[in-house]
Asks: 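Let me give you the structure first, and then I'll get to my questions.
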Amino acid sequence: MALVLIKSDERPDPARAGGPQSASGPQDVLPRSFYQRPTLLVAQALLGKTLVHGDLRVRIVETEAYLGPDDLASHAAGWRRTPRNEVMYGPAGHAYVYFIYGMYFCLNVVTEDEGFPTAVLIRAGDPGARGPGVLCRELGLTREHNGLDLTAGGSLRIEAGPPPREKVVEAPRVGVDYAADWAAKPLRFYLDGNPWVSRKLRGRQPDVR
DNA sequence: CATTCGATCGAC
DNA sequence: TCGATCGAATGA
């Protein structure tokens with residue numbers, strides 16, 4: 001039995017560690033300690049959380065984990081360090097937004113310790129954002145948002161919330177066939193049955209190969 | 001400087 | 001299955 005499907009939110013969630021505040025608002029913003037944990041765990045813990053940009057809000061329903069220098073599908077594979085992926089080497093809780101295929105942007109959240117390049121790609125949001133490119137388009141996210149601190153209480157942030165009721169499904173990542181044995185690893189996670197999860201992935205059996 | 005390719009998407 | 005579309009990465 002794999003060590004996945006951890007109910008990470010059951011453990012001490014810093015955002016809920018009884019502060020003097022209550023109700024909703026900036027105090028629900030996920031703190032850096034949420035992100036500065038194992039990427040695999042953060043990828044699953046983000047499911048069900050609310051991604052906010054200004055007045056726009058979506059529920060995160062699909063993510064992918066990029067595990068670091070050994071991960072051949074990662075932009076930081078082999079410790080590659082370029083202007084583009086620089087924020088992956090920075091502190092957790094910052095946005096890594098990059099331009100892809102000449103027309104889309106993709107949003108990641110940086111995880112783990114500063115200096116170790118890992119991140120989680122946000123792939124879909126409920127409602128209206130089926131796929132990472134569409135998600136950024138719908139939320140108005142571009143290169144301007146690259147590097148922003150998601151924990152600073154600004155217009156771009158992720159808010160806490162209860163664990164999702166849905167079952168968390170694991171599956172291989174998308175578009176990384178070039179990554180040899182890393183392509184088949186179950187590093188994608190999504191909420192079972194959610195209509196906004198990427199199309200190809202929904203109808204299909206998770207572990208087929 | 002030239003060339004290749006991509007953590008995508010939606011139409012066919 | 002394929003074309004759109006162009007910046008980032010790589011190599012000459």
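Just so you know, these numbers use all the heavy atoms, side chains as well, and skip hydrogens, waters and symmetry mates. So that the names make sense, note that chain A is the first sequence line, chain B the second, and so on, each numbered from 1.
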Asks: Would you please classify the geometry between the A/His75 ring and the A/Tyr98 ring as parallel, tilted or perpendicular, with 30° and 60° separating the classes?
Replies: perpendicular
Asks: Between A/Thr50 and A/Arg57, does any side-chain donor sit less than 3.5 Å from a side-chain acceptor?
Replies: no
Asks: Say whether A/Leu51 and A/Leu56 are linked into one hydrophobic cluster, either directly or through other cluster members, by side-chain heavy-atom distances under 4.5 angstrom.
Replies: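 Both belong to a single hydrophobic cluster.
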Asks: For nucleotides 4-6 of chain C, print each protein N/O atom paired with a nucleotide N/O atom at under 3.5 Å, atom names and distance only.
Replies:
residue, atom, partner, partner atom, Å
C/dT5, O2, A/Tyr101, O, 2.5

Asks: Write out all pairs satisfying salt bridge (Lys or Arg N to Asp or Glu O under 4.0 Å) with one or both partners inside residues 73-93 of chain A, taking only residues at least two apart or from two chains.
Replies: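 Listed once each, the pairs are A/Arg81-A/Glu86.
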Asks: Quick one: which residue pairs count as a ring pair (Phe, Tyr, Trp, His ring centres under 6.0 Å) with a foot in residues 112-167 of chain A, not counting sequence neighbours?
Replies: A/His53-A/His145, A/Trp79-A/Phe116
Asks: Of the residues in residues 73-82 of chain A, which ones touch DNA chain C at a heavy-atom distance under 4.0 Å?
Replies: A/Arg80, A/Thr82
Asks: If we ignore hydrogens and angles and just use 3.5 Å, is the side chain of A/Asp71 paired with the main-chain N or O of A/Gly68 as donor and acceptor?
Replies: no
Asks: What stems involve DNA chain B, if each pair must be Watson-Crick or G-U and both of its distances must be under 3.5 Å, with 3 or more such pairs in a row?
Replies: B:1-6 with C:6-11, B:8-11 with C:1-4
Asks: Where do A/Arg32 and A/Ala92 come nearest, in terms of heavy atoms and distance?
Replies: NH1-O, 2.8 Å
Asks: Once you round it to whole Å, what is the distance between P of B/dC9 and CZ of A/Arg123?
Replies: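 Those two atoms, CZ and P, are 6 Å apart.
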Asks: Which part of the nucleic acid, if any, lies within contact of A/Arg173, taking any heavy atom under 4.0 Å across all strands shown: a base, the sugar-phosphate backbone alone, or nothing?
Replies: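 Answer is nothing: A/Arg173 stays at 4.0 Å or more from every strand.
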Asks: DNA chain B: A/Arg137 or A/Ala119, which has the more 5' nearest nucleotide?
Replies: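 Nearest nucleotide further toward 5': that of A/Ala119.
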Asks: Rounded to whole angstrom units, what separation is found between the OH atom of A/Tyr178 and the P atom of C/dA9?
Replies: 13 Å
Asks: Between A/Glu159 and A/Val52, is there a donor-acceptor pair closer than 3.5 Å when you use the side chain of the first and the backbone of the second?
Replies: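 Absent.
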Asks: Which residues pass the salt bridge (charged side-chain N to carboxylate O under 4.0 Å, His left out) test with A/Arg143, not counting sequence neighbours?
Replies: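 Listed in chain order: nothing, the list is empty.
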Asks: With rounding to whole Å, what would you report as the distance between C/dC2 and B/dC5 at their C1' atoms?
Replies: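 It comes out at 16 Å once rounded to the nearest Å.
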Asks: Hey, quick one: are A/Leu30 and A/Ile122 part of the same hydrophobic cluster, counting side-chain heavy atoms closer than 4.5 Å, chains of contacts allowed?
Replies: yes
Asks: Look at the side-chain heavy atoms of Ile, Leu, Val, Met, Phe, Trp and Tyr, link any pair under 4.5 Å apart, and say whether A/Leu47 and A/Leu67 land in one connected group.
Replies: yes
